[in-house]
Amino acid sequence: MKQEVETRIARALRSVARARGVTAALPTPTIERPKKPEHGDFATNVALASSKAFGAKPQEIAAALRGALEGDPTFARVDVAGPGFLNVKLAPRAFHTALSTVLADGRAFGRARAAIGERINLEFVSANPTGPLHVGHGRSAVVGDVVGRLLDAVGHRVIREYYVNDAGNQVRLLAESVIAKATGAPDPEGGYGANAYVVDLAVWAMDRYRPLVEGRKIDELSRRLVAVMLAGYAPGTGIQATLRALGIFHDVWSSEAAVHLDGRVERALETLKKDGWLEEKEGALFFLSTKLGDDKDRVVFKSDGGHTYFASDIAYHKDKLDRGFDRLIDVWGADHHGYIHRLQSAITALGMPKERFEVILVQMVSILKNGEPYRMGKRLGNFITIDEILEEIDEATGRPGSGRDAIRYYFAARRTDAHIDIDVEIAKKQSLDNPVYYLQYGHARLCSILRLAQDECGLSLADLPTDVDGLGALQHPDELAIVQLLGEWPEVLADAAKGREPHKIVGYLGNLAQVFQSYYTRLKRENDTILPRKNERADGSWRNDPATVAKVSARLSWVRAIRDVYAAGLDILGISAPERMERFAVEAEEEG
RNA sequence: GCCCCCGUAGCUCAGUGGAUAGAGCAGCGGUUUCCUAAACCGUUGGUCGCAGGUCCGAUUCCUGCCGGGGGCGCCA
């Protein structure tokens with residue numbers, strides 16, 4: 001729709017320029033939807049932008065363009081406004097054409113027709129297997145997952161990966177903390193003993209692996225603990241179960257220990273050394289990242305002989321590149337931002353174009369509790385887990401899955417680079433007036449209309465019109481405005497994918513829901529309905545008037561198009577799209 | 001000290017080199033014989049942190065400052 005307007009305006013601009021003998025370069029028209037409806041369906045500032053090239057006043061150019069566009073049947077009217085804006089109003093048929101396109105593609109509208117894009121490795125969550133996932137991980141998880149769905153939608157092939165840090169001091173510390181707890185010894189320095197789950201782990205370890213605990217077999221016990229943190233010691237527990245509860249799945253689980261075991265670290269460092277990127281200083285081996293603009297060189301081999309986390313991370317990312325991906329995307333917490341430059345430098349040094357490596361930084365989630373801010377961090381003991389919040393919300397609503405929908409909505413709704421504050425108490429209570437229900441309700445209402453059309457009007461969805469003439473009865477200005485909004489969906493999807501911005505999908509859907517609900521109520525006020533009235537449905541009398549049949553059919557096609565785009569949007573967000581929603585019993589309580 | 005993010009309505013946050021800066025929640029006033037009122041309509045509420053600069057035009061881009069958060073390990 002916008003495309004068509006754009007080509008027509010560009011053509012008009014060229015012809016006006018030719019007529020006036022203008023030879024200077026012409027600007028590409030930018031077409032936008034005006035905020036004010038009285039400014040038409042589309043507006044362009046191209047006359048203002050062309051002022052220099054034409055050596056004429058914007059308003060004069062606009063008037064000339066208006067003349068060039070006037071004969072075109074696509075436009076109902078063209079106005080010059082303000083300092084030289086060109087406001088165009090489209091003929092209804094242009095909307096019917098656009099709707100027809102949406103209907104042809106249905107839920108796939110806006111999606112790439114084939115996976116012709118890049119092969120992308122998307123690494124996200126990758127939380128240390130030393131504790132349950134907390135809300136900060138949850139944000140990364142949701143952002144990563146939705147970005148994955150966005151990339152899929154525009155035709156990339158995405159592999160989702162979780163890197164398990166099962167080799168470092170942290171898992172060792174966890175094992176020591178568990179042993180300490182089990183044997184009544186004091187928690188090691190920087191240990192996890194303050195966390196409640198360590199008690200459970202200690203009980204579990206004593207039960208299943210008593211010899212490892214008593215014999216202080218740290219390495220062996222660490223492996224068992226990592227496994228149990230990931231897979232849980234009972235169904236429904238563990239990091240993987242938490243992710244599943246959020247509707248998040250990874251294709252590949254990579255182990256840091258495995259990177260160490262088969263010599264990949266040494267090989268990666270060998271490659272760097274050969275190319276002169278490593279230098280020994282003060283007994284340690286440094287990667288010369290300052291050559292690539294980093295603040296300082298970074299240690300890869302410590303003076304005690306061990307290698308750093310950075311070293312294994314280089315090897316791990318080299319491995320990902322070796323697996324043939326066109327692009328690596330890592331989703332990290334914002335507290336890792338200082339790490340980007342050095343890893344990017346390492347990737348450059350390994351001979352890979354640094355553009356192939358991309359980091360999405362997800363800003364902090366600050367947790368408030370009853371208005372009191374407190375930091376979260378594994379070592380502080382008191383943090384909110386995803387499991388807790390999911391359970392609270394599911395319980396409050398009595399609808400399993402509502403916690404997942406709410407959390408996904410909440411974390412996807414905001415720009416990833418902005419901090420967000422969550423008051424835990426509010427997040428838990430918000431279950432009933434969370435905006436996610438507004439979205440789901442909108443979808444359910446659309447489904448409900450289509451259901452009644454089938455059950456009570458004897459209309460088969462397959463028989464509804466999808467052609468321009470069949471949709472001709474669609475004339476209400478609100479209906480046409482919503483068609484225009486539907487027409488924007490592919491662009492919104494593409495933008496959100498390109499910028500890795502889930503929140504744009506939330507914004508679009510919220511807008512779509514709002515304009516439809518508004519229309520729906522307005523129609524009532526105008527004493528009109530989409531479906532025939534109840535008595536007419538019952539006796540079938542609405543079928544006697546061909547104009548009514550045409551209008552009802554066209555509107556139902558339109559409803560189906562909205563529902564399809566709506567469902568596609570919810571699917572990108574991973575939020576369920578219920579076909580009907582029951583009322584909650586809670587309402588009665590509120591009245592009392 | 002250096003680097004990154006943020007600063008927009010009472011609160012939580014969108015948004016844009018262009019016309020009178022938006023939404024949700026909160027507040028106030030309305031709407032229900034009707035396809036789902038979990039809704040809708042109206043209304044109150046703004047020095048777009050401050051100051052310069054670029055521009056025909058800046059809330060948007062640039063610089064400086066102020067405020068909040070995060071990062072600056074031979075930790076992971």
Side-chain angles (χ1 to χ4, degrees), chain A residues 30 32 34-36 38-39 43 45 48-49 51-52 58 81-85 87 128 130 165 167-173 190 256 281-286 295-296 298-310 312-313 333-341 361 363-364 366 373 410 413-423 426 430 432-435 437-438 440-442 444-453 456-457 503-504 506-507 510-511 513-514 517-525 527-534 537 555-556 559 580-584 586-587:
Chain A
T30 55
E32 56 183 20
K35 292 167 206 157
K36 302 275 168 186
E38 59 267 32
H39 290 150
N45 65 349
L48 285 87
S51 180
K52 254 178 203 157
F85 290 99
N87 296 334
N128 282 344
T130 50
N165 296 130
N169 285 342
Q170 301 305 320
V171 289
R172 162 172 289 270
L173 261 176
E256 185 192 355
K281 291 186 281 195
E282 300 149 22
L285 196 60
F286 284 75
D295 297 336
K296 53 184 92 167
R298 308 293 175 172
V299 173
V300 287
F301 260 102
K302 299 183 278 189
S303 51
D304 69 7
H307 60 246
T308 61
Y309 180 80
F310 180 43
S312 55
D313 225 13
D335 53 339
H336 288 73
H337 99 264
Y339 198 73
I340 297 175
H341 199 130
L361 275 192
Q363 277 292 343
M364 299 286 101
S366 303
Y410 205 79
R414 287 165 176 73
R415 296 172 55 90
T416 56
D417 57 6
H419 299 118
I420 57 178
D421 293 333
I422 299 178
D423 192 305
I426 293 172
Q430 224 179 13
L432 283 176
D433 48 10
N434 193 302
Y437 294 101
Y438 184 76
Q440 293 180 314
Y441 176 69
R445 175 175 266 171
L446 292 161
C447 290
S448 173
I449 292 169
L450 294 172
R451 192 164 51 238
L452 279 175
E456 297 186 10
C457 302
H503 77 277
K504 289 195 168 165
V506 177
N511 191 222
Q514 196 267 321
Q517 302 279 40
S518 178
Y519 156 85
Y520 188 82
T521 312
R522 182 179 306 184
L523 206 63
K524 283 181 193 173
R525 202 157 296 154
N527 203 22
D528 192 2
T529 53
I530 295 171
L531 291 171
R533 304 214 177 252
K534 205 164 206 168
R537 293 207 298 269
R555 278 179 169 171
L556 286 170
V559 167
R580 60 175 84 216
M581 288 181 86
E582 308 300 332
R583 287 181 172 297
F584 287 113
V586 178
E587 271 186 19

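Every chain is numbered from 1 and lettered A, B, ... according to where its sequence line falls, protein lines coming before strand lines.
- A donor and an acceptor atom sit less than 3.5 Å apart, one in the side chain of A:Asn87 and one in the base of B:A19.
- Residue contacts for A:Asp417: at a heavy-atom cut-off of 4.0 Å it reaches the sugar-phosphate backbone alone, with no base atom in range.
- With sequence neighbours excluded, the residues satisfying side-chain contact (heavy atoms from CB on, under 4.5 Å) with A:Asn169 are A:Arg172.
- An OP1 or OP2 oxygen of B:C40 is reached within less than 4.0 angstrom by a side-chain nitrogen or oxygen of A:Tyr438.
- Applying the 3.5 Å distance criterion, the base of B:G70 shares a donor-acceptor pair with the side chain of A:His337.
- In this structure, A:Lys296 reaches the B:G73 phosphate: one of its side-chain N or O atoms is under 4.0 Å from OP1 or OP2.
- Take the nearest nucleotide of RNA chain B for A:Arg537 and for A:Arg522: the residue whose nucleotide is more 5' is A:Arg537.
- One donor-acceptor pair, N or O on each side, does fall under 3.5 Å between the base of B:C74 and the side chain of A:Ser303.
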Item to complete: Let me have RNA chain B in dot-bracket notation, would you? Count Watson-Crick plus G-U wobble pairs, both distances under 3.5 Å, and use [ ] for pairs crossing earlier ones and | for inter-strand partners.
Response: (((((((..((((....[...)))).(((((.......))))).....(((((..]....))))))))))))....
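- Across all strands, A:Tyr520 comes closer than 4.0 Å to base atoms (heavy-atom distances).
- Within the 4.5 Å cutoff, the side chain of A:Phe286 has no heavy atoms near those of the A:Lys296 side chain.
- Among the atoms of the strands shown, base atoms are found under 4.0 Å from some heavy atom of A:Ala43.
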